[in-house]
**Student:** 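Dropping the structure in here first, questions after.
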Amino acid sequence: MIRSSTPVRLGLAGLIVATAVATPSSASASPATTTAVMMAAAPSDTQLAGATDADLVRMAVRCLPIDGMTYCLHWGWDPQGLRSPALRRQAAGAADATSRAASTGDAPLAAGLRAWAARPRAERDAAERAELAEARAAVGKVVYVDAIAKAKPLPTGFATRYPQLASWTEPAKTGPVSEAGTLAETFYETIRYDRAKKQEKGNYCGPTSMQAFAWNDPKASLYKSQTYWAGVLHTDTNGSTWVYDLKDAINKYTHWDDSDYAGTYVVGSISTWTNTDWTRVLQWHIVTRRAPVQLHPKLSPSVSSYYPGTTSGHFDVGEGWYVNGGTVSIFEPAGGPAQNNIYTSLFATETINNIRLANLANTDQRNIAY
């Protein structure tokens, strides 16, 4: 985990460099100070003019520590920060373009950055300030999930530091995964069969995932067409869905982000997660919090036990947990008429190992929304 005393960003040569302006990880640094440090490193209109995709990644993505976790603007929570292999690939201009022509729907980081860069400087700055404020408000969940994944106790004073999560059980008291057989049910689900559909267009995995999240809202079911959600997520405009837009829509339009369910959804890296990490986090999210997880894989027969085809970067949903065997039920938008009916079932049962491999296979992203 990166815990540097200064925010870091990628220089134009693609090297990791420190911004020598302040020490935002020091105990005395206020949110206003750390925000000022980050904004001082924001690219100007002149720098953005004519920038390549790789240039945008190198200039726009800046990272800083927040409560011991590492957050990167436009990228999300990533313990490797700018050393993240997925991020470095894109900053080096090596983003995977081979499968974009057959895209099932996720947008590359550069697409999101292009939309951001096209806005006036004042709007860009306001968006980044809002993003940093949201990250600070959500860091408690990131700290908690880190404790879940690594089976470690919460930091001292967690409930006081993050009062909105004070009711959440100490991770150590939830019991190890091996005790799953003591749970009251044999299958936990968050998405109903009669409230899910296959994606209607080849690039609609994002809108279809969002449709399922809203339709299965635990407090107020909201059914909208996939076309409606495509508008919310800018899918038709951009040709694909950016994971940040999907995360934002879950938080804005559903109650899954309430503290009595999963809390605020965040985009977080899974680059370093082991099978055990995946097992602990998914079991906690689906069984304990009774909430689905937005997965972000790249499917192929080598990483999927059920999908016979190949997708580009893709969205499907971890929605159910089988206690016996510790396998996961996935709501799978792809494979219907938009993909020549190669996988017509709405759901699939998958192993933790394949889920890990499929999400790692999305080499330009390697993140999920949880």
Side-chain angles (χ1 to χ4, degrees), residues 1-3 25 31 63-72 75-81 131-180 183 188 190 213 218 243 247-248 250-251 254-296 317-319 321 326 328 352 355-356 359 366-370:
M1 179 170 295
I2 295 178
R3 300 188 184 212
S25 65
C63 303
L64 83 164
I66 303 176
D67 292 4
M69 303 289 106
T70 301
Y71 186 79
C72 301
W75 182 247
W77 298 94
D78 192 330
Q80 296 176 304
E131 184 181 341
L132 289 172
E134 180 188 83
R136 291 190 180 95
V139 67
K141 179 179 180 178
V142 181
V143 171
Y144 193 97
V145 169
D146 182 62
I148 287 285
K150 304 305 179 185
K152 61 185 182 182
L154 293 173
T156 302
F158 177 87
T160 301
R161 179 72 179 84
Y162 312 108
Q164 73 276 21
L165 305 181
S167 64
W168 286 14
T169 305
E170 174 75 27
K173 297 179 181 178
T174 62
V177 172
S178 60
E179 295 180 5
L183 296 171
Y188 291 76
T190 60
F213 267 88
V243 64
K247 175 264 298 181
D248 289 343
I250 294 169
N251 289 331
T254 80
H255 291 86
W256 292 116
D257 65 322
D258 291 358
S259 61
D260 52 342
Y261 282 91
T264 303
Y265 277 69
V266 300
V267 174
S269 170
I270 51 80
S271 290
T272 62
W273 283 13
T274 65
N275 280 358
T276 300
D277 296 338
W278 272 101
T279 299
R280 288 170 175 156
V281 172
L282 289 182
Q283 186 193 32
W284 168 79
H285 210 285
I286 296 169
V287 176
T288 304
R289 305 314 307 173
R290 293 287 190 139
V293 177
Q294 182 61 69
L295 301 176
H296 199 181
V317 182
E319 68 84 27
W321 180 269
V328 177
I352 289 291
I355 291 174
R356 180 180 66 85
N359 282 268
R366 293 186 172 177
N367 53 37
I368 62 174
Y370 61 82

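What you see below is based on every heavy atom in this structure, not just the backbone, and it leaves out hydrogens, waters and symmetry mates.
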**Student:** Below 4.5 Å, heavy atoms only, C-beta onward: do Val317 and Leu295 meet side chain to side chain?
**Tutor:** no
**Student:** Test Val266 against Val142 for side-chain contact (heavy atoms from CB on, under 4.5 Å), laying out the working first.
**Tutor:** CA-CA 8 Å; Val266 300; Val142 181; 4.1 Å; yes
**Student:** Check this for me: does any side-chain nitrogen of one of Asp67 and Arg161 sit under 4.0 Å from a carboxylate oxygen of the other?
**Tutor:**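 Judged by the 4.0 Å cut-off on N to carboxylate O distance, Asp67 and Arg161 do form a salt bridge.
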**Student:** List the residues meeting side-chain contact (heavy atoms from CB on, under 4.5 Å) with Ala262, not counting sequence neighbours, and say none if there are none.
**Tutor:** Lys141, Tyr265, His285, Ala291
**Student:** Measuring only between side-chain heavy atoms, which start at C-beta, is Met69 closer than 4.5 Å to Asp146?
**Tutor:**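 They are in side-chain contact.
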**Student:** Which heavy atom of Gly140 sits nearest to which heavy atom of Leu165, and what is that distance?
**Tutor:**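 Heavy atoms only, the tightest pair is C-CD1, 3.5 Å.
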**Student:** Determine whether Tyr370 and Leu282 satisfy the following criterion, side-chain contact (heavy atoms from CB on, under 4.5 Å), listing intermediate values before the conclusion.
**Tutor:** CA-CA 9 Å; Tyr370 61 82; Leu282 289 182; over 6 Å; no
**Student:** Closest approach of Thr70 and Gly81, non-hydrogen atoms and distance?
**Tutor:** CG2-CA, 3.9 Å
**Student:** Hey, are the side chains of Ile286 and Pro292 touching, using non-hydrogen atoms and a 4.5 Å cut-off?
**Tutor:** no
**Student:** Partners of Asp248 by side-chain contact (heavy atoms from CB on, under 4.5 Å), sequence neighbours excluded?
**Tutor:**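 If we apply the side-chain contact (heavy atoms from CB on, under 4.5 Å) test to Asp248, skipping adjacent residues, the hits are Glu134.
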**Student:** Which salt bridge (Lys or Arg N to Asp or Glu O under 4.0 Å) pairs, counting each pair once, include a residue from residues 264-278, with sequence neighbours left out?
**Tutor:** Lys150-Asp277
**Student:** Given the rule in the side-chain contact (heavy atoms from CB on, under 4.5 Å) test, do Trp75 and Val243 qualify, once you have shown the distances and angles that lead to the verdict?
**Tutor:** CA-CA 9 Å; Trp75 182 247; Val243 64; over 6 Å; no
**Student:** Is there a side-chain contact between Ile250 and Lys247 in this structure, where contact means two heavy atoms from C-beta onward sitting under 4.5 Å apart?
**Tutor:**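 Answer no - side chains too far apart.
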**Student:** Whether the side chain of Asn359 engages the backbone of Ile355 through a donor-acceptor N/O pair (distance < 3.5 Å, no angle test) should be reported.
**Tutor:** yes
**Student:** Taking the side chain as C-beta and beyond, is there a heavy-atom pair between Trp321 and Thr279 under 4.5 Å?
**Tutor:**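 Yes - at least one pair of side-chain heavy atoms lies under 4.5 Å apart.
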**Student:** Got a sec, which residues hit side chain to side chain donor-acceptor pair (under 3.5 Å) with Arg289, two or more places apart in sequence or on another chain?
**Tutor:**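 Partners of Arg289 by the side chain to side chain donor-acceptor pair (under 3.5 Å) criterion come out as none, since no residue qualifies.
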**Student:** Out of Val267, Val145, Val139, which one pairs with Trp77 under the side chain to side chain contact (heavy atoms under 4.5 Å, CB included) rule?
**Tutor:**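 Of the listed options, the one satisfying the test is Val139.
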**Student:** Which value, rounded to the nearest 0.5 Å, describes the distance between Ile352 atom CD1 and Asn275 atom CG?
**Tutor:** 7.0 Å
**Student:** Would you give the length of the straight line joining atom NE2 of His296 to atom CG of Asn367, rounded to the nearest 0.5 angstrom?
**Tutor:**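 That separation rounds to 5.5 Å.
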**Student:** Ignoring hydrogens and angles, tell me if any N or O in the side chain of Glu319 forms a donor-acceptor pair with the backbone of Thr190 under 3.5 Å.
**Tutor:** yes
**Student:** How close do Leu154 and Ala147 get, heavy atom to heavy atom, and via which atoms?
**Tutor:** CD2-CB, 3.8 Å
**Student:** Please lay out, stage by stage, how Arg136 and Tyr71 fare under the test side-chain contact (heavy atoms from CB on, under 4.5 Å).
**Tutor:** CA-CA 9 Å; Arg136 291 190 180 95; Tyr71 186 79; over 6 Å; no
**Student:** Apply side-chain contact (heavy atoms from CB on, under 4.5 Å) to Arg290 and list each qualifying residue two or more places apart in sequence or on a separate chain.
**Tutor:** Glu185, Tyr188, Tyr261
**Student:** Kindly give the heavy-atom pair with the smallest separation between Ile148 and Trp284, and that separation in Å.
**Tutor:**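 For Ile148 versus Trp284, the nearest heavy atoms are CD1-CD1, 3.7 Å.
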**Student:** Spell out, as yes or no, whether a donor-acceptor pair under 3.5 Å connects the side chain of Trp168 to the backbone of Tyr144.
**Tutor:**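 No; zero donor-acceptor contacts below 3.5 Å.
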**Student:** On a heavy-atom basis, which atom in Ala149 and which in Val281 lie closest, and how many Å separate them?
**Tutor:**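 What the structure gives for the nearest pair is CB-CG2, 3.8 Å.
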**Student:** State, yes or no, whether a side-chain contact exists between Tyr162 and Gln164 at a heavy-atom distance under 4.5 Å.
**Tutor:** yes
**Student:** Tell me, please, which residues at least two apart from Ser269 pass side-chain contact (heavy atoms from CB on, under 4.5 Å).
**Tutor:** Asp78, Pro79, Ser271
